[in-house]
Amino acid sequence: MFHRVLLLLVTLAVSGLLVTGCRTQKTESNQPARPIVITTLFPLYDFARTIAGDRMEVQLLLPPGVEPHHFEPKPDDLSRIHRAALFVYIGPFMEPWADKVIQGVDRTKVRVVAAASGVALLPAVAHTGKEQHHHDHDHDHQAEAYDPHVWLDFPADQAMVAKILEALIAADPAGAEQYRRRAAELTGQLTALDARYKAGLSSCGSRVLLHGGHAAFGYLANRYNLNYQAAAGVTAELEATPRRLAELVQQVRRYNVTAIYSEELVSPRVARTIAGETGATVLKLHGAHNVAKEDLERGVTFITLMDENLKNLQVGLSCRN
């Protein structure tokens, strides 16, 4: 008799747990999914996820490690954009494919944010000096009219943060207070980053920034008064000509340059070639277009990448700060 009663009690207890478990699962499955924010480049992804917190699911459209100048969205990427609450991109100069995508988007469901709209763009030809004109003629190419790498100007980043904040509040007014607080913190961090660069690059033995890649750092050089010379134009598809390589070798020798820079996600072959000819050291500058898979997984931030850049700039330019 005792054993039968015990068995009945155990059965009832297990049944109760199963019912409770089923109710819990049902409750969880009925929870509304978070709105999705699709961003094209890593800086936009980092800014949006920082401001959104856990109220929205922010996704990076670029697969980790993919160079964005070569990127073309696949059908699955287009489907993700059409299902999103927000689509955030730099602008047509950086993502020329975006205009066609946007034309097919239901704007009543997907809020489109051109984060750099209203930001003054620098002309592309200004970043590599007179030599860039020779490079373009040799290749029978016309470089893009404007430099799209606006996220390497930290005040421009603050303007983009404001655009993203405005869009998030419009999509989710209930989260406005949280969004504003986090955006203010991020803006303060970008202001402090700008101050670190101004101080860190104020007293340097050289102001000649030689770069063995495409002209991605023109905004940074313009803001901090550096003489920027790149091997190629503003898109990674453009390659350095033998004439351009010879010009950069002459620049190294003329200005006693001790370091030449390579960039992420692009072969350092050109920088190493120039370094081999001149004895200069090769250092890295991260353009933050995108990041490697391991960097994404460890939660690297735009500001962390820029602080690493500052350290390498101070070494290569013989800065005293």
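Values below: every heavy atom of this structure, side chains too, minus hydrogens, waters and symmetry copies.
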Flag the pair Ile303 / Arg196 as yes when at least one side-chain heavy-atom distance between them is below 4.5 Å, and no otherwise.
-> yes
Going by an N to O cut-off under 4.0 Å, is there a salt bridge joining Lys311 and Asp307?
-> no
Quickly, which of Trp151, Phe302, Phe42, Tyr45 forms a ring pair (Phe, Tyr, Trp, His ring centres under 6.0 Å) with His289? Name it, please.
-> Trp151
Above 12 or not: heavy atoms from other molecules or residues under 6.0 Å from CD of Glu166?
-> no
Using a 4.5 Å cut-off on heavy atoms from C-beta on, say whether the side chain of Val257 contacts that of Thr278.
-> no
Spatial distance of atom OG1 (Thr273) from atom CD (Glu277) [nearest 0.5 Å] = 8.0 Å
Exceeds 12 heavy-atom contacts within 6.0 angstrom, atom CD of Glu294 | yes
Nearest 0.5 Å, what's the CD1-CD distance between Ile169 and Glu177?
-> 10.5 Å
Arg181 atom CZ, neighbour heavy-atom count above 12 within 6.0 Å = yes
Does a side-chain heavy-atom distance below 4.5 Å link Leu61 with Ile81?
-> yes
Would you say the side chains of Tyr255 and Asn227 form a donor-acceptor pair under 3.5 Å?
-> no
Of Leu296, Asp46, Leu62, which is the lone residue that meets side chain to side chain contact (heavy atoms under 4.5 Å, CB included) with Val291?
-> Leu296
Ile36 side chain reached by Glu57 side chain, heavy atoms, under 4.5 Å = yes
Student check: side-chain heavy atoms of Tyr197 and Leu313 closer than 4.5 Å | yes
Contacts of type salt bridge (Lys or Arg N to Asp or Glu O under 4.0 Å), residue Lys284, not counting sequence neighbours = none
same_hphob_cluster(Leu310, Val282) at 4.5 Å side-chain heavy-atom cutoff | no
Centroid-centroid distance, Trp97 to Phe71, less than 6.0 Å | yes
Plane angle bin for His214 and His211 - parallel if under 30°, tilted between 30 and 60°, otherwise perpendicular = tilted
Path from Leu283 to Tyr224 over hydrophobic side-chain contacts below 4.5 Å | yes
Under-4.0 Å salt bridge between Glu247 and Arg244 | yes
State whether the side chain of Gln229 and the backbone N or O of Val208 hold a donor-acceptor pair below 3.5 Å, judged by distance alone.
-> no
Does Leu245 belong to the same Ile/Leu/Val/Met/Phe/Trp/Tyr cluster as Tyr228, with side-chain heavy atoms less than 4.5 Å apart forming each link?
-> no
Closest non-hydrogen atom pair, Leu168 against Ala52 | CD1-N, 4.1 Å
Straight-line distance of His286 NE2 to Asn312 CG, nearest 0.5 Å | 11.5 Å
Distance in Å, Arg182 CZ paired with Thr50 OG1, rounded so as to fall on 0.5 Å steps = 9.0 Å
Taking all non-hydrogen atoms of both residues into account, name the closest pair between Ala115 and Lys163 and its distance.
-> O-CG, 3.6 Å
Tell me whether Ile51 is reachable from Leu190 by hopping between hydrophobic residues (I, L, V, M, F, W, Y) whose side-chain heavy atoms are closer than 4.5 Å.
-> yes
Non-hydrogen side-chain atoms of Val112 and Tyr89 separated by less than 4.5 Å = yes
Could you tell me whether Arg80 and Asp77 have a side-chain N and a carboxylate O separated by less than 4.0 Å?
-> yes
Correct closest heavy-atom pair for Arg223 and Pro155 would be CZ-CG, 3.3 Å
Is there a donor-acceptor pair under 3.5 Å between the side chain of Thr191 and the backbone N or O of Thr187?
-> yes
Could you go through the side chain to side chain contact (heavy atoms under 4.5 Å, CB included) check for Val110 and His82 one step at a time?
-> CA-CA 7 Å; Val110 183; His82 282 264; 5.5 Å; no
In sequence, state the C-alpha distance, the side-chain angles, and the governing distance for Ile38 and Val88, and then conclude on side chain to side chain contact (heavy atoms under 4.5 Å, CB included).
-> CA-CA 6 Å; Ile38 299 294; Val88 186; over 6 Å; no
Interatomic distance, Asp147 atom CG to Tyr219 atom OH [nearest 0.5 angstrom] | 4.5 Å
Minimal heavy-atom distance between Arg107 and Ile102, with the atoms involved, is NH1-CG2, 3.1 Å
Chi angles and distances behind the side chain to side chain contact (heavy atoms under 4.5 Å, CB included) call for Lys198, Phe154 | CA-CA 11 Å; Lys198 286 180 179 177; Phe154 306 139; over 6 Å; no
Which heavy-atom pair separates Leu305 from Val300 by the least distance, and what is that distance?
-> CD2-CG2, 3.7 Å
Going through the distances and angles, do Val234 and Phe93 end up as a side chain to side chain contact (heavy atoms under 4.5 Å, CB included)?
-> CA-CA 10 Å; Val234 294; Phe93 289 104; over 6 Å; no
Side-chain contact test, heavy atoms from C-beta onward, threshold under 4.5 Å: evaluate it for Leu122 versus His149 and give yes or no.
-> no
What distance do Met160 atom CE and Gln158 atom CD have between them, rounded to the nearest 0.5 Å?
-> 10.5 Å
Nearest heavy-atom neighbours spanning Leu165 and Ala183 | CD2-CB, 3.8 Å
Is there side-chain contact between Leu226 and Leu317, with at least one heavy-atom pair below 4.5 Å?
-> yes
Determine whether Val113 and Leu60 fall in the same hydrophobic cluster, where Ile, Leu, Val, Met, Phe, Trp and Tyr are linked whenever their side-chain heavy atoms lie under 4.5 Å apart.
-> yes
